[in-house]
2 protein chains.
Amino acid sequence: MKASIPSATISRLPVYLRCLDEFTATSTTCSSDQLAAIAGVNPAQVRKDLSYLGSYGVRGVGYQVEDLKAQIARALGLTKEYPVAIVGAGNLGSALAKYDGFSAWGFEVVALLDIDPERVGLEIDDHPVEPLSALEQIVEERDVSIGIVATPAPAAQEVADRMAAAGVRSILNFAPTVLHVPDGVQVRRVDLSTELQILTFHLHNV
Amino acid sequence: MKASIPSATISRLPVYLRCLDEFTATSTTCSSDQLAAIAGVNPAQVRKDLSYLGSYGVRGVGYQVEDLKAQIARALGLTKEYPVAIVGAGNLGSALAKYDGFSAWGFEVVALLDIDPERVGLEIDDHPVEPLSALEQIVEERDVSIGIVATPAPAAQEVADRMAAAGVRSILNFAPTVLHVPDGVQVRRVDLSTELQILTFHLHNV
DNA sequence: TAGATTGTTAATCGATTAACAATC
DNA sequence: TAGATTGTTAATCGATTAACAATC
């Protein structure tokens, strides 16, 4: 059943989870109309999305905010801890290592690696920079489930290959390149230039 | 005509642009099959996407790599310069200010602002941190066309409101919140936790 | 009961892709 | 000409949303 949740719905669930926080202080329930307004989507879509989780709403009343948050978190698998390894301790990798929004949802940065000997040994926000050569060992020993690629583009594919070979099943790619990975490994791409270029398209075509 | 390019196509154009670089060294032409393999999409989709730009391919031969890059860049509006202002000089904002992949496509960081007096006056990679109070003046004087929100979530909406009021038409939001903006202003959201949570869904449901 | 809101259906809309005629 | 590959059609697929019966 879970596996049949449409991907578009899955990517909206984290947004709903965020938006529900805005009700926590003021109300114990919320309607699909209210949540839709905050999340910036159609109310029918909210109801349809939430219906994939089961029937947790009450007709005539709405959804119990805390209940719903728990159900969404459960559906997303946020009841577990996820050890994260970041490869690339440059500007972006370092900023990610310092980011404190991870822990709120059970993500823990357990390693920060770099290939540059000059960076290895540095301490970035309590994370020692370790050598890339230790990647496989670290993945194994610390049970890394998510790998973050924050290297320059030319290094990204090789890092992803090694992550996948070492058993990492999920990769978040910040390098401006398209990664090719084996079946069973999922990649999500976050590309600053791509986002900016999509914005310029619309700026340009008005 | 341009305005009728589907949004899914628009978000793939920057990817094609990236992938075409891989041909530059080895070949002057490429086929939709080759480009599709590198970009990780269906060959028919590549042809359909590119057909929105006009007919720049040659049957039996393929596309001229350099030609196609120029056409995509033109369609995306990358022939102009886009002044960018970053609000929030914390970990992420600073990393973005230092990012040198901007300039390759005509983006120039012309301001880095922060509300914290302790940060104002710092110099981050040649960008002086300026006070948030100067936002409106800076947008006007430096003709800022893209605003990047790299503040904590609670501050993001107010910053976006001020950007929009000052005439910024495009906003890239890194704060973990959904921004509400007037018609005519476009927002794209980049949310680390959302990406990680989408990954955990699949990790969890295997 | 009357009012409100869900859960779900069915219609609509848009995106993807197989297939192939056009043509270099 | 024969082989290759585009551009485009039409079929398929999936996502969105209006509408409303169900029901609290």
Side-chain angles (χ1 to χ4, degrees), chain A residues 1-16 19-20 23 26-69 71-72 75 178 198 201-202, chain B residues 1-16 19-20 23 26-69 71-72 75 178 198 201-202:
Chain A
M1 183 173 61
K2 276 177 188 174
S4 71
I5 303 183
S7 65
T9 294
I10 293 165
S11 50
R12 279 187 297 265
L13 291 179
V15 178
Y16 297 148
C19 292
L20 283 167
F23 292 99
T26 54
S27 173
T28 58
T29 65
C30 81
S31 68
S32 57
D33 270 45
Q34 292 173 313
L35 182 52
I38 292 179
V41 303
N42 183 291
Q45 185 156 81
V46 169
R47 293 198 295 277
K48 181 139 246 245
D49 286 340
L50 297 182
S51 75
Y52 289 109
L53 308 182
S55 296
Y56 297 110
V58 181
R59 287 167 209 245
V61 177
Y63 301 87
Q64 297 293 322
V65 174
E66 291 306 315
D67 226 46
L68 188 54
K69 282 165 70 175
Q71 294 302 339
I72 295 174
V178 176
I198 294 170
F201 173 87
H202 295 285
Chain B
M1 183 172 61
K2 277 176 187 173
S4 71
I5 302 184
S7 65
T9 294
I10 294 165
S11 51
R12 279 187 298 265
L13 290 179
V15 179
Y16 297 149
C19 292
L20 282 167
F23 293 100
T26 54
S27 173
T28 58
T29 67
C30 81
S31 67
S32 57
D33 269 46
Q34 293 172 312
L35 182 51
I38 293 180
V41 303
N42 183 290
Q45 186 156 80
V46 169
R47 293 198 295 277
K48 180 139 246 242
D49 286 339
L50 296 182
S51 74
Y52 289 110
L53 308 182
S55 296
Y56 297 110
V58 180
R59 286 166 210 245
V61 177
Y63 301 88
Q64 296 293 322
V65 174
E66 290 307 314
D67 225 46
L68 188 54
K69 282 166 69 175
Q71 294 302 337
I72 295 175
V178 176
I198 294 170
F201 173 86
H202 296 286

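Keep in mind that the numbers below use all heavy atoms, side chains included, and drop hydrogens, waters and symmetry copies. What you are looking at is a predicted structure, and each value in this text was computed from that prediction instead of being measured. Chain naming here is simple, since letters A, B, ... match the order of the sequence lines and numbering starts at 1 in each.
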Practice task
Determine yes or no for a side-chain-to-main-chain donor-acceptor pair under 3.5 angstrom, with A/Q34 supplying the side chain and A/S31 the backbone.
Solution key: yes
Problem - Nearest-neighbour nucleotide for the A/K48 side chain, C/dT5, C/dT8, D/dC24 considered - result: C/dT8
Exercise for the section: Consider the side chain of B/S51, meaning its heavy atoms from C-beta on, and name the nucleotide among D/dA19, D/dT16, D/dT8 that approaches it most closely. Expected result: D/dT8
Handout entry: Close approaches to DNA chain D from residues 34-46 of chain B, in residue order (heavy atom, under 4.0 Å)
Key = none
Are any of [X]'s side-chain N or O atoms less than 4.0 Å away from OP1 or OP2 of [N]?
X: B/T9; N: C/dG14; result: no
X: A/S32; N: C/dT6; result: yes
X: B/R12; N: C/dT16; result: yes
X: A/Y56; N: C/dT5; result: no
X: B/Y63; N: D/dG7; result: yes

Fill in the blank from the handout: With A/L68 as partner, the option from A/Y16, A/Y63, A/F23 fulfilling side chain to side chain contact (heavy atoms under 4.5 Å, CB included) is A/Y63
Fill in the blank from the handout: The answer to which of A/S7 and A/V58 contacts DNA chain D further toward the 5' end, by nearest nucleotide, is A/S7
Return the value, rounded to whole Å, for the distance between atom [atom1] of [X] and atom [atom2] of [N].
X: A/L50; N: C/dT6; atom1: CG; atom2: P; value: 9 Å
X: B/I5; N: C/dG14; atom1: CD1; atom2: P; value: 16 Å
X: A/R47; N: D/dT23; atom1: CZ; atom2: P; value: 16 Å
X: A/D49; N: D/dA15; atom1: CG; atom2: P; value: 10 Å
X: A/L68; N: C/dT6; atom1: CG; atom2: P; value: 11 Å

Less than 4.5 Å apart, side chain to side chain, heavy atoms only: is that true for [X] and [Y]?
X: A/Y52; Y: A/I10; result: no
X: B/V58; Y: B/T29; result: no
X: B/V15; Y: B/V41; result: no
X: A/T9; Y: A/R12; result: yes
X: B/V178; Y: A/C19; result: yes

Practice task
Please give the nucleotide sitting opposite C/dC24 as a Watson-Crick or G-U wobble pair, both distances under 3.5 Å, or none.
Solution key: D/dG3
Practice task
Go ahead and name the base partner of C/dA18; Watson-Crick or wobble counts if both distances stay under 3.5 Å, otherwise write none.
Solution key: D/dT9
Handout entry: base_contact_polar (D/dT5 base, B/R59 side chain, donor-acceptor, <3.5 Å)
Key = no
